[in-house]
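In what follows, a structure is listed as structure tokens, so that the remarks can point back to it.
Everything numeric here is computed off the predicted structure, so don't read it as measured data.
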Amino acid sequence: MTVRVRIAPSPTGNLHIGTARTAVFNWLYARHQGGKFIIRVEDTDISRSRDEYTDNILKGLEWLGLNWDEGPFFQSQRLDLYRQAVQTLLDKGLAYRCYCTPEELEQMREAQKARNEAPGYDNRHRNLTPEQRETYETEGRKPVIRFIIDGDRQIFWQDKIRGKMSWKGSDLGGDMVVARTPEGDEPFGQPLYNLAVVVDDMEMKITHVIRGEDHIANTAKQILLYEALGGEIPEFAHSPLILNTEGRKLSKRDGVTSLDDFKNMGFVPEAIANYMMLLGWTAPDSTQEIFTLEEAAKLFTLDRVNKAGAKFDWDKLDWINSQYLHKMSPEILVDLLIPYWQNAGYEFNSEGDRSWLIELTGIIAPSLTRLSDAVAESRLLFGDSIIFDDKGQAQIEQEGVKEIFAAILTAIADYPEMTSEDAKAIIQQVTKEKKVKKGFVMKSLRAGLTGELQGPDLIQSWVLLHRRGWDKTRLQSTVDS
RNA sequence: AGUGCUGUAGGCAAAUUGGUUAAGCCACCUGUCUUUCAAGUAGGCGAUCGCGGGUUCAAAUCCCGUCAGCACUACCA
């Protein structure tokens, strides 16, 4: 039997980080098993679904590296299938028309709440007489279709992550709505989520449903639907949720939750995918944490997925991201950095200055945590002028600094092309000549060159500045001041 | 309110399924390197395994009880 799993996003917003994590787990499982990873867009709620979100979700999954084998399929194009299923349920007497109005239902729930009871439908229209039905029809009331849930039924399944699960029918909130109120003259309206999911999973021969634990209650309802429709019940695996710092389910309200947000903050897809898989899963040897999707796929099994929810930890994500940035070659990293520099308005030509930019990338790479850090890390190395911070300013105002700079300016005139060795030699020479400590020269030079007292390696920075003639303009401005 | 799930250091987590001082990573602290910072490297601090009983020579692991957190209870997905 070939394993077939799916990710079923709903296009009611941009790709959410929780959806991305579920997608990662599904992808890893499919690849580990040599199975198929399928995408199905659950857009049955037409009022909330939008094409731009679908686009965003698909692009996001692609960007993460989660290539799929089938789809994307769209539920909105498969409505007939669901309608047939609803009709089947009706024909078999497993579903019925409920004429309750939203107001009546609301009243019922409030009454239940007042009595301190769990809210749920009381199945009041399950056994309507033909006369009652006729009355409602003539009143012009349009029915929803409800699927009968046997309160005495005990539903079991063996969850691949949580083990034995058990649910009682009477705790499912009453007979469930599977089709909405019809808009026009149809016999029933838009089929709903739980039904569509089951119909699709049956039809697409999904073997393993891997999803978040917020779907546990749905599972019991869906199993009943599988039985009613005569489908083979797949395996279920409910992963823990991603929690915010307060320990609640991460939601849009927490601000940064869409994959785009993470992308814009300077995280690379490899790092995000890596962190996502670590949220709940541990490799067999339990010590390795840096994995590409392909590496993890070789080791991924559901029984090593943890059951407890995991709080999202920015520090850890940052660290993982830095690991990827640090081992990336400058030739590749530079292309990721260029947009940030452009955005910052730095002075360069992405083609003409490419080799210079690659060199710059090599210098600042070790200090990058996020791509966006490149702006601050390289700020001191762009432009013919500089801005001094307090410490830098204090340094160049010290006795003898201008003379040192003048000597250096004289020296570099002899070096149209200056190497690191040349730079060191110049420093050595000036130190001797001015009879000062080498540390003083270095510190002053750093201040005169970058305006600050700390930053990337001084020699390398200088060589870089020299190649664009900015060391001369910068030092000269101090000498002239 | 019901139902379900979960509970190991600040965070992520492991523990060959009862057996020596409860792994590892992030964060934090320190040394080292670089005459700067970061990175790297070496080391360190931090947990009476939610709590209370019980079984046992031995329990994070088994049993009973208890508490807490979260999720779900839509004509959303």
Side-chain angles (χ1 to χ4, degrees), chain A residues 8-12 19 42-45 47-49 75 98 100-102 105 109 112-121 142-146 159 162 165-168 170-174 176-182 188-194 196-197 212-220 238 240-241 243 245-249 275 278-290 304 306-320 322 325-326 364-369 373 377 391 437-443 446-447 450 452-459:
Chain A
S10 175
T12 53
T19 309
E42 310 219 316
D43 54 354
T44 51
D45 186 346
S47 61
R48 295 200 303 150
S49 298
Q75 290 195 324
C98 164
C100 294
T101 62
L105 293 174
R109 285 196 200 97
Q112 288 164 333
K113 213 173 170 185
R115 275 175 272 140
N116 248 340
E117 287 172 14
Y121 180 60
K142 302 284 191 183
V144 296
I145 308 299
R146 284 188 186 269
D159 198 280
R162 299 169 184 269
M165 301 288 289
S166 165
W167 215 282
K168 204 173 173 208
S170 53
D171 291 324
L172 254 23
M176 63 189 278
V177 178
V178 289
R180 286 177 155 160
T181 308
F188 46 80
Q190 182 100 39
L192 258 16
Y193 171 73
N194 274 307
V197 166
E213 77 174 292
D214 46 348
H215 281 284
I216 288 181
N218 284 328
T219 304
H238 291 93
L241 263 21
L243 276 20
T245 32
E246 282 86 48
R248 293 172 171 276
K249 180 166 85 164
Y275 184 55
L278 250 33
L279 244 29
W281 176 76
T282 317
D285 91 344
S286 81
T287 58
Q288 187 185 344
E289 295 200 307
I290 299 298
R304 289 203 60 92
N306 195 39
K307 291 192 270 284
K311 284 187 187 168
F312 192 93
D313 182 7
W314 286 100
D315 283 334
K316 187 76 177 254
L317 208 213
D318 271 336
W319 177 75
I320 291 174
S322 74
L325 258 31
H326 296 170
I364 65 166
S367 47
L368 296 181
T369 294
D373 293 338
E377 291 299 330
K391 287 178 178 172
K437 284 187 176 167
K438 190 177 164 196
F440 183 67
V441 176
M442 297 280 281
K443 202 169 170 185
R446 176 178 288 286
T450 69
E452 297 182 9
L453 257 31
Q454 51 180 254
D457 182 86
L458 180 60
I459 302 297

Inter-nucleotide P distance (B:C37, B:U30), Å rounded | 13 Å
Taking C-beta and beyond as the side chain, do A:Val178 and A:Leu192 meet within less than 4.5 Å on heavy atoms?
-> no
List, with names and distances, any nitrogen or oxygen atoms from the protein found under 3.5 Å away from nitrogen or oxygen atoms belonging to nucleotides 64-66 of chain B.
none

Can you tell me how far C1' in B:U73 sits from the matching atom in B:U56, rounded to whole Å?
-> 43 Å
Whole-Å gap separating C1' (B:A13) and CD1 (A:Ile290) | 15 Å
For A:Glu289, answer base if it contacts any base atom (sugar-phosphate contacts may also be present), sugar-phosphate if it contacts only those atoms, and nothing otherwise; contact means non-hydrogen atoms under 4.0 Å.
-> base
A:Met165 side-chain proximity, nearest of B:G4, B:G11, B:A77 = B:G4
On a whole-Å scale, what distance lies between the P atoms belonging to B:U48 and B:C29?
-> 23 Å
Write down the distance separating the C1' atoms in B:A47 and B:U21, rounded off to the nearest Å.
-> 14 Å
Does any N or O in the side chain of A:Arg180 come within less than 3.5 Å of the main-chain N or O of A:Gln190, such that one atom is a donor and the other an acceptor?
-> no
Would you mind pulling out the nucleotide paired to B:C62, Watson-Crick or G-U wobble, both distances under 3.5 Å?
-> B:G54
OP1, OP2 of B:A23 versus side-chain N and O of A:Thr287: anything below 4.0 Å?
-> no
Using a 4.0 Å heavy-atom cut-off across all strands, classify A:Arg162 as base, sugar-phosphate, or nothing.
-> sugar-phosphate
Starting at CD of A:Gln288 and ending at C1' of B:A13, how long is that distance when rounded to a whole Å?
-> 15 Å
Calculate the interatomic distance between A:Trp281 atom CH2 and B:A14 atom C1'; express it in whole Å.
-> 13 Å
Looking across every strand, which nucleic acid part, if any, lies under 4.0 Å from A:Pro240 by heavy atom: base, sugar-phosphate, or nothing?
-> nothing
Using whole Å, report how far NZ of A:Lys307 lies from P of B:G7.
-> 7 Å
So which nucleotide from B:A71, B:A14, B:C76 ends up closest to the side chain of A:Asp45?
-> B:C76
Value rounded to 0.5 Å, distance of CE in A:Met176 from CG in A:Asn194 | 4.0 Å
Side-chain donor/acceptor of A:His238 to backbone N/O of A:Lys307, under 3.5 Å | no
Taking A:Gln112 for its side chain and A:Gly120 for its backbone only, find out whether a donor-acceptor pair lies under 3.5 Å.
-> yes
With C1' as the reference atom in both, quote the distance from B:G69 to B:C64 in angstrom, rounded to an integer.
-> 22 Å
Could you let me know what B:C70 is paired to, Watson-Crick or G-U wobble, both distances under 3.5 Å, or none if it's on its own?
-> B:G4
Mate of B:U16 where both pairing distances stay under 3.5 Å, Watson-Crick or G-U | none
Donor/acceptor link under 3.5 angstrom from A:Arg48 side chain onto base of B:C76 = yes
Contact class for A:Val177 (heavy atom, under 4.0 Å): base, sugar-phosphate, or nothing?
-> sugar-phosphate
Can you tell which of B:C5, B:A14, B:C75 lies closest to the side chain of A:Ser286?
-> B:A14
For B:U61 versus B:C45, give the span between their P atoms, rounded off to a whole number of Å.
-> 26 Å
Which value, in whole Å, describes the distance between the C1' atoms of nucleotides B:U32 and B:A60?
-> 38 Å
Rounded interatomic separation in angstrom, taking CD from A:Gln112 and P from B:U3 = 15 Å
To the nearest angstrom, the CD1-C1' distance between A:Ile216 and B:G2 comes to 16 Å
Would you kindly compare A:Ala310 and A:Glu42 by the position of their nearest RNA chain B nucleotide and give the one closer to the 5′ end?
-> A:Ala310
Do A:Ile290 and A:Ile320 have side-chain heavy atoms sitting under 4.5 Å apart?
-> yes
Closest non-hydrogen atom pair between A:Leu453 and A:Ala447, with its separation | CD1-CB, 3.8 Å
Does the base of B:C12 carry an N or O that pairs as donor and acceptor with the side chain of A:Lys311 under 3.5 Å?
-> no
Determine which nucleotide pairs with B:U30, using a 3.5 Å limit on both distances of a Watson-Crick or G-U wobble pair.
-> B:A42
Between B:A13 (C1') and A:Leu243 (CG): distance, integer Å | 15 Å
From OH (A:Tyr275) to CH2 (A:Trp314), nearest 0.5 Å | 9.0 Å
Between A:Arg109 and B:C75, is there a side-chain N or O to OP1/OP2 distance below 4.0 Å?
-> yes
Is there a donor on the side chain of A:Asn194 or the base of B:A77 sitting less than 3.5 Å from an acceptor on the other?
-> no
Across the strands shown, which category fits A:Thr12 at heavy-atom distances under 4.0 angstrom: base, sugar-phosphate, nothing?
-> nothing
With rounding to whole Å, what would you report as the distance between B:A9 and B:C49 at their P atoms?
-> 9 Å
For A:Thr181, which contact category applies under a 4.0 Å heavy-atom criterion: base, sugar-phosphate, or nothing?
-> base
Shortest non-hydrogen contact from A:Gly280 toward A:Pro240 = CA-CG, 4.5 Å
With sugar-phosphate meaning primed atoms plus P, OP1 and OP2, does A:Ser10 contact a base, only sugar-phosphate, or nothing at under 4.0 Å between heavy atoms?
-> sugar-phosphate
Calculate the interatomic distance between A:Asp315 atom CG and B:G11 atom P; express it in whole Å.
-> 13 Å
Now, which nucleotide makes the Watson-Crick or G-U wobble pair with B:C75, with each of the two distances under 3.5 Å?
-> none
Which part of the nucleic acid does A:Ala217 contact within heavy-atom distance under 4.0 Å: base, sugar-phosphate only, or nothing?
-> sugar-phosphate
How far does CG of A:Asp313 sit from CG of A:Leu279, to the nearest 0.5 angstrom?
-> 9.0 Å
What does A:His215 touch in the nucleic acid at a heavy-atom separation under 4.0 angstrom: a base, only the sugar-phosphate, or nothing?
-> base
Of all heavy-atom pairs linking A:Ser367 and A:His326, the shortest is N-NE2, 4.4 Å
Using the closest heavy atom to pick a nucleotide of RNA chain B for each, name whichever of A:Pro102 or A:Lys316 lands nearer the 5' end.
-> A:Lys316
Any donor-acceptor pair under 3.5 Å from A:Glu42 side chain to A:Val197 backbone = no
B:A9 pairs with which nucleotide, Watson-Crick or G-U wobble, both distances below 3.5 Å?
-> none
When all nucleic acid strands are considered with a 4.0 Å heavy-atom cut-off, which category describes A:Gly280: base, sugar-phosphate, or nothing?
-> sugar-phosphate
Could you encode protein contacts along nucleotides 34-48 of chain B as a string, one character per nucleotide from 5' to 3', using B for base contact, S for sugar-phosphate-only contact and - for no contact, with a heavy-atom cut-off of under 4.0 Å?
-> -BBBBSS--------
Compare side-chain N and O positions of A:Arg180 against OP1 and OP2 of B:C76 and report whether any pair is under 4.0 Å apart.
-> yes
Kindly say whether A:Asp45 contributes a backbone atom to a donor-acceptor pair with the side chain of A:Tyr193 at under 3.5 angstrom?
-> no
With sugar-phosphate meaning primed atoms plus P, OP1 and OP2, does A:Asn306 contact a base, only sugar-phosphate, or nothing at under 4.0 Å between heavy atoms?
-> sugar-phosphate
Heavy atoms of A:Pro182 and A:Phe188 approach each other most closely as CB-C, 3.8 Å
Watson-Crick or G-U counterpart of B:A23, or none if no pair lies under 3.5 Å | none
